[in-house]
Number of protein chains: 2
Amino acid sequence: MKTTKTHASLKDIANYVGVSISLVSFVLNDKARQHRVSEEMVRKIKEAAEKLNYQPNIFAKSLREGKSHVIGVVLSDISNPFFSSIARCLEDEAEKYGYSVLFSSSDENRERSEKQIAHLINRGVDGLILVPCEKSQSTVRAVLETGKPLVLIDRYFPDVHTNYVCLNNREMSRLATSTILASGYSHPGTIAYDTTLQHMLDRRSGYRQAMEDAGKAAFVSESLIRECDLHQSISSAIDKLLAEGVDSLLFATNNIATESLMVIKNKGINVPGELGIIGFDGGSAFDLFQVPISYIQQPVALMAQKTVEIIMDEILVGQRLTHQIEVQGTLVIKESTKK
Amino acid sequence: MKTTKTHASLKDIANYVGVSISLVSFVLNDKARQHRVSEEMVRKIKEAAEKLNYQPNIFAKSLREGKSHVIGVVLSDISNPFFSSIARCLEDEAEKYGYSVLFSSSDENRERSEKQIAHLINRGVDGLILVPCEKSQSTVRAVLETGKPLVLIDRYFPDVHTNYVCLNNREMSRLATSTILASGYSHPGTIAYDTTLQHMLDRRSGYRQAMEDAGKAAFVSESLIRECDLHQSISSAIDKLLAEGVDSLLFATNNIATESLMVIKNKGINVPGELGIIGFDGGSAFDLFQVPISYIQQPVALMAQKTVEIIMDEILVGQRLTHQIEVQGTLVIKESTKK
DNA sequence: TTGGAATATTAAAACGATTTAGCTATATTC
DNA sequence: GAATATAGCTAAATCGTTTTAATATTCCAA
């Protein structure tokens, strides 16, 4: 017959064996030697723990240590393939340290993200991993002030001194653009988000850099779009760019790429003949297009690994060096850029 | 100057105002009236709490109440679009109750999922939402025995009496198949996973039902594949089905569909002319194919809502009725089935 | 003037684990 | 034989809440 009592506690074991709670605690925390517990007692207590199926109460432990063994993560939207793959990798990495991960989706909304961060901190997370949204410098600074370990991922603020892990966005964008040029497209354009977020600025500036390097500074054709009504905006952005004589496009994110490809397909534009294309982030979707799409690949697993490494260092060791890591992307060339 | 002390406690407020801890607790938990705390005292305490920026310590609270206000979720793989969209909806629903969600990806591996479940229970989650993997009836039963609120989602076991929320798989599959037939395809086949999981059996049996109803029981062409080496298996599965004279296909999951479309594209097969197609679950990917793909749409948000509703009922009210919910899918017809 | 309500507040136990300081014996040293 | 180590164990505080039972004060009726 099962009682309502959920689990055996140290006390239960202590009573069962007929010793004090302290002794049981010592033994089960591998401090038996340190506290000179006799061999026989160790055996007895371990047996009892086994028999009573002892599981330490995590609430009590957390209360005592002031640690939850949970990391909080706020990202844009976990249903976005790029972020869900990051999520998966973060989960796997954290597990290696015995840590769990609590996710929140901010939808790029600053207020929402602030609430979520506050909520996570109240939840007692031991550290925070953030994909910060636009103009959230003050939010990030506020987190820094709490002293909670913090790592930004995918994005960073040049004017906020924090840990971060992100792609070498500028360089990858430059490389992609110069690759397009080298493939024989003379007028590449780009579509990016209309945001002040640094990773986006970097992706745009990489494009411009390549154009300058090619002596084409005069022909820089960028379309910036807001995230709302994405489909609508993309459609008119593409119209505009084509009217300007663009013969190839670099898409700054996977969402932009997906929407754009839809529009391009509907317009019946031929890729790569009429239009060359490079996207950010791969994904099976891009291989289903009329022709496989070239793309800039982000080493998501590595990014997650570095991120968790940094945060665990701070949590466990109390390390306080600032790590700012730029990981290298890979340009994956497929059919969409072969004129 | 900031002290290392993280946060103000009830004690700090009590000292500040010069009253007992109990009083502060009453006031801050809105039990002032019930405990006849004077108006003035309520004001003073609330002010002090505000001033000291009081945040209740969740560990202490959890230890006391035996509740964590966290729900654990074990699903196949959070980086799979279907599950990440479920994840997102679960997150949103749970938030309405002030609950957070802890995700784990089992990779359809039973042992892995068992560890994760144990880990989540140790973490003190108040309930579990599971996408159970094959042959994990005993695991599910074990969870039931702990008394933890439990809801299965997407899948269920006919021989285990649990809460679950899933699609009317059989009916949707039947409808999809009969729609294919009605569109003029005479020899539909299906590709599904080689598993004993009920949702997959249902999807297959729906197909067979439709074939029977159409008097075509004789021509039932199913290819079952294992999840490993998905791409390879799919390729040969399609070869086999085509050799059998299949002129249209129903894919039992989004992963199967994605892989299959890739193969079909590479083989240069014309859709819908040579081959009609219906998939499970939509996704922007399917719209990038040569022709938009018809698909069975699952009401993911509704499923998540029902799931969380059931589990919160058990957690908060202690309700112990068993809810077994089948939600209705929608057949979305696009070009891929228009012969 | 004594007893009983009603009001306003507090003390203390409990949740379960960790850890410091302390208490017995017995063993060792000079 | 007295002083001191040492081995083996326990008591009790602590983390921050919640909640029950108790206390103290006032007020009113009998």
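Proteins come first, then strands; the chains are lettered A, B, ... in the order of their sequence lines, and each starts at number 1.
Although no hydrogens or angles enter the test, the distance criterion places a donor-acceptor pair under 3.5 Å between the side chain of B:Arg112 and the main chain of B:Ser105. Side-chain N or O atoms of A:Ser62 include none that pairs as donor or acceptor with a backbone N or O of A:Phe59 at under 3.5 Å.
Residues forming a side-chain contact (heavy atoms from CB on, under 4.5 Å) with B:Arg320 (at least two apart in sequence, or on another chain): B:Pro149, B:Glu314.
Between the P atom of C:dA6 and the CZ atom of B:Arg33 lies a distance of 16 Å, rounded to the nearest Å. Per the geometry, CG belonging to B:Asp30 stands 16 Å off C1' belonging to D:dT19, to the nearest Å. Rounding to whole angstrom units, NZ of residue A:Lys11 and C1' of D:dA12 are separated by 14 Å. Rounded to whole angstrom, the span from the CG atom of A:Leu10 across to the P atom of C:dA14 amounts to 17 Å. Atom CG in A:Leu28 sits about 8 Å away from atom P in C:dT18, given to the nearest Å. We find that CZ of B:Phe26 is positioned 16 Å from P of C:dT7, with the value rounded to whole Å. Atom P of nucleotide C:dT18 and atom CG of A:Asn57 are separated by 10 Å, given to the nearest angstrom. To the nearest angstrom, C1' of C:dT18 lies 14 Å from CD1 of A:Ile13.
With D:dT17, C:dA11, C:dT19 as the choices, the nucleotide that has an atom nearest any side-chain atom of B:Ile21 turns out to be D:dT17.
The stretch residues 62-70 of chain B touches DNA chain C through B:Leu63, B:Arg64, each having a heavy atom within less than 4.0 Å of the strand.
Taking 4.0 angstrom as the limit, A:Lys61 places none of its side-chain polar atoms (N or O) nearer than this to OP1 or OP2 of C:dG16. Residue A:Lys31 places at least one side-chain N or O closer than 4.0 Å to OP1 or OP2 of C:dT19. At D:dG16, none of the side-chain N or O atoms of B:Ser9 fall inside 4.0 Å of OP1 or OP2 (strictly under the cut-off). Dashed line: the shortest gap from a side-chain N or O of B:Ser25 to OP1 or OP2 of D:dT18 is under 4.0 Å. Considering only side-chain N and O atoms, B:Asn29 lies under 4.0 angstrom from the phosphate OP1 or OP2 of D:dT18.
A:Phe59 comes within 4.0 angstrom of nothing in the nucleic acid, heavy atoms only. Looking at heavy-atom distances under 4.0 Å, A:Glu39 makes no contact with the nucleic acid at all.
Within 6.0 Å of CD in A:Glu111 there are 12 or fewer heavy atoms belonging to other residues, nucleotides or ligands. Under a cut-off of 6.0 angstrom, the local environment of OH in A:Tyr16 is sparse, with at most 12 non-hydrogen atoms contributed by other residues, nucleotides or ligands.
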Donor-acceptor pairs under 3.5 Å, side chain of residues 42-49 of chain B to any protein atom, not counting sequence neighbours: which ones?
residue	atom	partner	partner atom	Å
B:Arg43	NH1	B:Glu47	OE2	3.0

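A heavy-atom distance below 4.5 Å is found between the side chains of B:Phe103 and B:Leu75. Residues A:Phe83 and A:Ile78 have side chains not in contact (no heavy-atom distance under 4.5 Å, counting atoms from C-beta outward). Side-chain atoms of B:Leu28 and B:Ile13, non-hydrogen and from C-beta on, do get closer than 4.5 Å to each other.
An end-to-end axis angle of 70° holds for the helix from C:dT1-D:dA30 to C:dC30-D:dG1, taken from five base pairs per end and rounded to 10°.
Just one residue in the list A:Leu120, A:Ile71, A:Leu128 forms a side chain to side chain contact (heavy atoms under 4.5 Å, CB included) with A:Leu102, and that residue is A:Leu120.
Every pair passing salt bridge (charged side-chain N to carboxylate O under 4.0 Å, His left out) that includes a residue from residues 53-78 of chain B is listed here, sequence neighbours excluded: A:Arg88-B:Asp77.
A:Tyr156 and A:Tyr164 have parallel rings, their planes meeting at less than 30° on a 0 to 90° scale where 60° marks the start of perpendicular.
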Close N or O pairs between protein and nucleotides 4-8 of chain D (under 3.5 Å):
residue	atom	partner	partner atom	Å
D:dG8	N7	A:Arg36	NE	3.4

